[in-house]
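Worksheet: one structure, shown below.
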Amino acid sequence: MECTGMTYFKWLSVLLCFITSYHAYANDSAVGETNGSIEFLQQNEISMAKERLLIASDRINVDYVFINHSAQDITVPVAFPMPAISQQYMGDRTEGIANFKISVDGKPVKSESRWRVIHDLGGKGEEDITAKLLQTGWTIPQLRHVLNREGKASIEEGYKEGKQQLPSEWFDDGYLNIAVQQYFIWQQRFPAGKEIVIHHSYTPSTSTGVPDSLDSLLGDELGDQCLTAATRKALKQLDAGIKYKNEDGSANIGWGYLGYILKTGANWKEGVIGDFTLRIHKKDETEVVVPCFNYPLKQIDPLTLEFKQKNFKPDENLDIHFYYDSSL
């Protein structure tokens, strides 16, 4: 017998949590809907037995093994959230991810795309304003266009095109204090007492900007706060190896940033990943990878950093900076 998550379980709702950068990727998590709002839900019958996560600046591959420990088949909606877009983040970036693919036990799966618009209530939580936005006559693509551009002028341009004025409470010092996020959602069947393998692959959305100097990156206040003694040394070696210098003798170090939401992995049985492996892959040996992660990564070959742990509790998200010779 199959039963849906909304009829069989007594769910514990866990509100969707945005990291402060509004730019991340995420583990799968079961979801439910309340008044059209998407929420992550605690799943107490299905465990994430294994996760193999490979991250590079140009691709992400994830393999999960899930086990249904109950005596009945369970079918629940599962969502994969995309990077959220907000004017609070300034910098160049690609428009979301690309080439997103899902397979279950080796077979391709089709998913449904949905969008959610969130208003940050300034320390008092957040409000789903998707319906309110659509009632103003603005569309999700129009809002995305505005949020992908810097400055207040982008809002004014929208008004000049005849779009309705947005509520003043959605603004903070003239900037829209809202974010828009896309989800891929599909119904997933978990057979009783069995394991299934879910695979994801995609080209990530990355943040980038004007190349920086070594002195700036090593700065105590405005520099990369995730640097260690080892990555500081690697950055200095990268800088020394860059042939093309500016007039002041400094080199242009290119950079890219991406984040990955790990915390949603705790939404499965017992809140742990039974066997977790993270690998971060470099494009070449000169690229410097700086993970903002409280767990140690070991270099297993010239291009790969690795972290492995049994019964891993994902209590923090992952941020990664990639540094490279921008002249190449």
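All residue numbers refer to positions in the sequence shown, counting from 1.
When the side chains of ILVMFWY residues are joined at heavy-atom separations under 4.5 Å, either directly or via intervening members, Tyr324 and Leu305 end up in two distinct hydrophobic clusters. Hydrophobic clustering of Ile, Leu, Val, Met, Phe, Trp and Tyr side chains at less than 4.5 Å, counting indirect connections, keeps Leu328 apart from Leu238. Under the 4.5 Å side-chain heavy-atom criterion for Ile, Leu, Val, Met, Phe, Trp and Tyr, Phe312 and Val272 are members of distinct hydrophobic clusters. A chain of hydrophobic side-chain contacts below 4.5 Å, direct or via other Ile, Leu, Val, Met, Phe, Trp or Tyr residues, connects Leu297 to Phe276. Cluster annotation: Leu303 is not connected to Val290 through the hydrophobic network of ILVMFWY side chains, with a link wherever side-chain heavy atoms come within less than 4.5 Å.
The stretch residues 48-67 participates, sequence neighbours left out, in these ring-ring contact (aromatic ring centres under 6.0 Å, His included) pairs: Tyr64-Phe66, Tyr64-His200, Phe66-Phe190, Phe66-Trp268. The disulfide (SG to SG under 2.5 Å) pairs that include a residue from residues 245-277 number zero, where partners must be two or more places apart or lie in different chains.
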Verdict with supporting geometry, Leu54 and Arg59, side chain to side chain contact (heavy atoms under 4.5 Å, CB included):
CA-CA 8 Å; Leu54 172 66; Arg59 75 184 188 279; 3.8 Å; yes

Lys283 and Asp58: CA distance, side-chain angles, deciding distance, salt bridge (charged side-chain N to carboxylate O under 4.0 Å, His left out) verdict
CA-CA 9 Å; Lys283 287 183 178 179; Asp58 59 353; 5.1 Å; no

Could you check Leu278 against Leu262 for side chain to side chain contact (heavy atoms under 4.5 Å, CB included), going step by step and ending with a plain yes or no?
CA-CA 11 Å; Leu278 164 67; Leu262 284 172; 5.7 Å; no

Yes or no on side chain to side chain contact (heavy atoms under 4.5 Å, CB included) for Asp224 and Trp255, after CA distance, side-chain angles and deciding distance?
CA-CA 11 Å; Asp224 190 331; Trp255 60 273; over 6 Å; no

Assess the residue pair Asp284 and Glu287 against the criterion (side chain to side chain contact (heavy atoms under 4.5 Å, CB included)); give the C-alpha distance rounded to whole Å, side-chain angles, the decisive distance to 0.1 Å, and a yes or no.
CA-CA 6 Å; Asp284 57 60; Glu287 185 176 46; 4.0 Å; yes

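With hydrogens and angles left out, the side-chain atoms of Arg52 and Thr277 include a donor and acceptor closer than 3.5 Å. In the model, Ser113 has a side-chain atom that pairs as donor or acceptor with a side-chain atom of Gln182 under 3.5 Å. In summary, the side chains of Asn267 and Thr264 do not present any donor paired with an acceptor at a separation below 3.5 Å, with no hydrogens or angles considered. If you check the side chains of Thr203 and Asn99, you find a donor sitting under 3.5 Å from an acceptor. Using a 3.5 Å distance cut-off with no hydrogens or angles, the side chains of Asp215 and Ser213 do not pair a donor with an acceptor. Side-chain contact, Tyr257 with Asp319: a donor N or O sits under 3.5 Å from an acceptor N or O.
A distance of 8.0 Å separates CH2 in Trp170 from CD in Glu127, rounded to the nearest 0.5 Å. Here Ile140 contributes atom CD1 and Arg116 contributes atom CZ; the two are 12.0 Å apart, rounded to the nearest 0.5 Å. Taking CZ from Phe307 and CG from Leu53, the interatomic distance works out to 11.5 Å, rounded to the nearest 0.5 Å. Of the inter-residue distances, the one linking Thr304 atom OG1 with Lys282 atom NZ reads 9.0 Å to the nearest 0.5 angstrom. For the atom pair Ile129 CD1 and Ile178 CD1, the distance stands at 4.5 Å (nearest 0.5 Å). Atom CD1 in Ile280 sits 3.5 Å away from atom CD1 in Ile320 (nearest 0.5 Å).
Using a 4.5 Å heavy-atom cutoff, the side chains of Asp120 and Glu126 are not in contact. At a threshold of 4.5 Å between non-hydrogen side-chain atoms, the residues Pro314 and Lys263 do not count as touching. For the pair Thr286 and Asp325, the minimum side-chain heavy-atom distance is 4.5 Å or more. In this structure, the side chains of Lys269 and Ile46 stay at 4.5 Å or more apart for every pair of heavy atoms. Between Tyr260 and Val62 the shortest side-chain heavy-atom distance falls below 4.5 Å. Counting only heavy atoms from C-beta outward, the side chains of Leu217 and Asp239 never approach each other to under 4.5 Å.
In this structure, Lys298 does not pair ionically with Glu306, as no charged nitrogen and carboxylate oxygen lie closer than 4.0 Å.
For the residue pair Ser70 and Glu45, the shortest heavy atom distance occurs at CB-OE1, 3.5 Å. Contact detail for Tyr244 and Ser327: the closest heavy-atom pair is CD1-OG, 3.5 Å. Across all non-hydrogen atoms, the minimal contact from Gly254 to Ser326 is N-CB, 3.7 Å. Closest approach of Gly137 to Gln142, counting heavy atoms only: O-OE1, 3.9 Å. In terms of heavy-atom proximity, Thr231 sits nearest to Val289 at CG2-O, 3.7 Å. Minimum interatomic distance between Pro191 and Asn68 (heavy atoms only, all atoms of both residues): O-CB, 3.2 Å.
Through direct or indirect side-chain contacts shorter than 4.5 Å among Ile, Leu, Val, Met, Phe, Trp and Tyr, Val65 is connected to Val197.
Taking the six-membered ring wherever Trp is involved, the centroid distance between the rings of Phe184 and Tyr202 does not fall below 6.0 Å.
Without hydrogens or angle criteria, His199 side chain to Val104 main chain gives no donor-acceptor distance under 3.5 Å. For the pair Glu51 (side chain) and Ile273 (backbone), a donor-acceptor distance under 3.5 Å is absent. Judged by distance alone, the side chain of Asp128 and the main-chain N or O of Thr130 form a donor-acceptor pair under 3.5 Å. Between the His321 side chain and the Leu227 main chain, no donor and acceptor come within less than 3.5 Å of each other. Although no hydrogens or angles enter the test, the distance criterion places no donor-acceptor pair under 3.5 Å between the side chain of Glu270 and the main chain of Asn44.
Note on ring orientation: taking the six-membered ring where Trp is involved, the planes of Phe293 and Tyr295 are tilted (angle from 30° to 60°).
Dense packing is recorded around NZ of Lys245, with more than 12 heavy atoms of other residues, nucleotides or ligands lying under 6.0 Å away.
Under the side-chain contact (heavy atoms from CB on, under 4.5 Å) rule, Leu318 has a single partner from Ile55, Leu258, Ile261, which is Ile55.
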